[in-house]
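Have a look at the structure below before the remarks.
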Amino acid sequence: MERKLRDSLQQGIYKVINPFVKGLIKIGLTPNAVTTIGLILNIGVAVIFVLGAEKSNRGDMSYIGWGGALVLFAGLFDMLDGQVARLGNMSSKFGALYDSVLDRYSEMIMFLGICYYLVAHHYFLSSLFAFIALIGSMMVSYTRARAEGLGVECKGGLMQRPERVVTIGVFAIACGIAGHFIGGNYKVYVPGISFHVFETMSVFTMPITIMALLTNITAVKRLQEAKKGLEAQEFNERKGNNKAALIAGLVLLTSLGSALPFNANAQGSDPSPITFPTPKDISNQLFYLQRDPNTNTIICQLNVDKHGVVNKEQPVNVFWMRYGDNGEKKDLSYIQRKFAYGIISKDLGNGNFELRFTSHKKLPMYLNKSAADKKYHVFATINNKKMQLERIFLRIEGGTFWFPNVKYVEIRGVDAAEPSKVLIERIKV
């Protein structure tokens, strides 16, 4: 619910700023240039707070108000750079890294100015909470980056960067306005308490204190979320067990599959003599399985509803694309579904699922979102390499229907840690 609300708000903001974004693209601004402008503006925020510390007295809240206004304006560029990249088709991996690094610099520089101001005007306790808020802010961002580097999506929480920017900006402006109308030295006392319980500066410092608490809670929750995701991806089987499980399961799959007449079109000595098609135009395809002696292909497809939400009871659809029969799509038979190609799933929480073929339950696969493209894929560890599965192929030459002669099993996919790297593992039987 929280994420859907955030996404709705974000899409609404994008509709408002998109005309401005298109204008930036027309004048030739790149996403990295927009990110750099955001950093420069945040340096300006720190300068305003430092000037306020040096040139104003304790009761002057005007510098805080102007600093808050510039915080919000600088925060706008955090959204603009991403939209410039998307609408201008200028996305790049380095651009994403550059954006993340400069966002961290921007936030630390902003907090530097705030802490300097608070210390200079003797708000020592408030400056301590501001520093704790800075620690929490950095850990929220670092926890997500580190988890995604390990292949686990890690989002959520109450104090992500947009919330932090809005909180500081809005309440800094409110503090400046309050100082103008009620005075910077306004204090509230409660009978029986020797110190004041509220003053004008509290309009700015109390939200920072709350932020100090919530940012660190968010970081801890993200750590817990990452822990669940990483545990879902861990495999207990050693290299030999993985190979044996894969081969045993796929041999049984082949023996229970349909056997159609052999169709020979020589390609070479070692590969199959059949020219296998590559499945196309299949929405939400996860991976597919092919084998001699025909081109009929098993498709494993992500099962989502009309809103794009994964069906937790049955996250994967499995069906035939019978290329040997004019490309007809066909459901699995009862025997194929219960004893061969069917998939048993287990919901691990947070959008992660454990998958196993019904024919051999010792081969674990994991369905979860990739940190690279934010889409669902199936992962498995083959020969100590974590692979995003794309194709499984059995090379069969002779044998009988129930005991085929499997020459090798070939698994193709991409490296989970480096999606641009293609992996092909061939296991000889």
Side-chain angles (χ1 to χ4, degrees), residues 86 89 91 246 249-250 253-254 256-268 270-311 314-333 336-337 340-343 345 351 353 355 357 365-380 382 386-396 408-416 418-426:
R86 284 185 283 270
N89 195 25
S91 300
L246 181 63
L250 292 177
L253 293 181
T254 305
L256 292 174
S258 59
L260 297 179
F262 181 80
N263 182 14
N265 290 310
Q267 289 182 340
D270 193 37
S272 171
I274 301 175
T275 300
F276 288 93
T278 299
K280 294 180 179 179
D281 301 323
I282 298 175
S283 62
N284 299 314
Q285 177 178 297
L286 295 169
F287 67 96
Y288 58 99
L289 188 150
Q290 295 176 320
R291 76 285 179 276
D292 294 322
N294 59 74
T295 60
N296 291 340
T297 301
I298 287 289
I299 304 292
C300 291
Q301 176 192 53
L302 184 67
N303 185 17
V304 295
D305 61 20
K306 62 181 180 180
H307 302 294
V309 178
V310 177
N311 185 320
Q314 185 183 337
V316 179
N317 284 329
V318 186
F319 57 88
W320 285 103
M321 287 300 294
R322 303 186 71 87
Y323 294 111
D325 299 325
N326 299 318
E328 176 189 8
K329 178 181 176 180
K330 187 175 181 180
D331 293 332
L332 302 182
S333 68
Q336 291 166 351
R337 186 173 65 253
Y341 302 104
I343 288 182
S345 65
F353 301 87
L355 309 176
F357 282 111
M365 300 173 290
Y366 291 89
L367 172 67
N368 51 62
K369 281 189 177 180
S370 166
D373 60 7
K374 314 303 180 188
K375 295 181 180 179
Y376 274 97
H377 299 283
V378 174
F379 299 90
I382 310 297
K386 185 179 176 183
M387 182 188 296
Q388 176 184 309
L389 296 182
E390 292 183 349
R391 180 186 188 239
I392 299 174
F393 174 68
L394 264 72
R395 174 72 175 99
I396 300 172
Y408 59 78
V409 178
E410 187 176 89
I411 306 97
R412 189 183 71 197
V414 298
D415 193 324
E418 189 179 349
S420 61
K421 181 180 180 181
V422 176
L423 296 179
I424 299 177
E425 291 292 324
R426 180 174 290 187

Given side-chain hydrogen bond (donor to acceptor under 3.5 Å, both in side chains), test Asn294 with Arg291 step by step and report yes or no. CA-CA 7 Å; Asn294 59 74; Arg291 76 285 179 276; 3.0 Å; yes

Distance from [X] atom [atom1] to [Y] atom [atom2], nearest 0.5 Å?
| X | Y | atom1 | atom2 | result |
| --- | --- | --- | --- | --- |
| Leu302 | Phe353 | CG | CZ | 8.5 Å |
| Ile298 | Arg322 | CD1 | CZ | 8.5 Å |
| Thr297 | Lys329 | OG1 | NZ | 14.0 Å |
| Leu289 | Asn296 | CG | CG | 12.0 Å |

Flag side-chain contact, heavy atom, 4.5 Å: [X] against [Y]:
| X | Y | answer |
| --- | --- | --- |
| Pro419 | Asp373 | no |
| Gln285 | Gln301 | no |
| Asn284 | Asn317 | no |
| Met321 | Pro279 | no |
| Val316 | Asn303 | no |
| Ile282 | Phe319 | yes |
| Thr295 | Pro277 | yes |
| Leu286 | Leu389 | no |

Looking at Lys374, I'd like to know if its NZ atom is crowded, meaning that more than 12 non-hydrogen atoms belonging to other residues, nucleotides or ligands lie closer than 6.0 Å. yes

Answer yes or no: does atom CG of Asp331 have more than 12 heavy-atom neighbours from other residues, nucleotides or ligands under 6.0 Å? no

In terms of ring plane angle, is the pair Trp320 and Tyr341 parallel, tilted or perpendicular, where the classes change at 30° and 60°? perpendicular

Residue pair [X] / [Y]: nearest heavy atoms and the distance that separates them:
| X | Y | value |
| --- | --- | --- |
| Gly413 | Met387 | N-SD, 3.7 Å |
| Lys369 | Tyr376 | CE-CE1, 3.6 Å |
| Phe393 | Ser272 | CZ-CB, 3.7 Å |
| Pro315 | Leu355 | CG-CD2, 4.3 Å |
| Arg86 | Ser91 | N-OG, 4.1 Å |

Yes or no on side-chain contact (heavy atoms from CB on, under 4.5 Å) for Phe287 and Met365, after CA distance, side-chain angles and deciding distance? CA-CA 12 Å; Phe287 67 96; Met365 300 173 290; 4.3 Å; yes

Working note: Cys300 + Val378, criterion side-chain contact (heavy atoms from CB on, under 4.5 Å); need CA distance, chi angles, decisive distance, verdict. CA-CA 10 Å; Cys300 291; Val378 174; over 6 Å; no

Pick one: which of Gln290, Arg391, Glu425 meets side chain to side chain contact (heavy atoms under 4.5 Å, CB included) with Glu410? Arg391

Which of these, Ile392, Leu423, Ile424, sits in a side chain to side chain contact (heavy atoms under 4.5 Å, CB included) with Arg412? Ile424

Could you tell me whether a side-chain N or O of Asn311 sits under 3.5 Å from a main-chain N or O of Val304, the two making a donor and an acceptor? no

For the backbone of Val414 and the side chain of Glu390, can you confirm whether one donor and one acceptor N or O come within less than 3.5 Å of each other? no

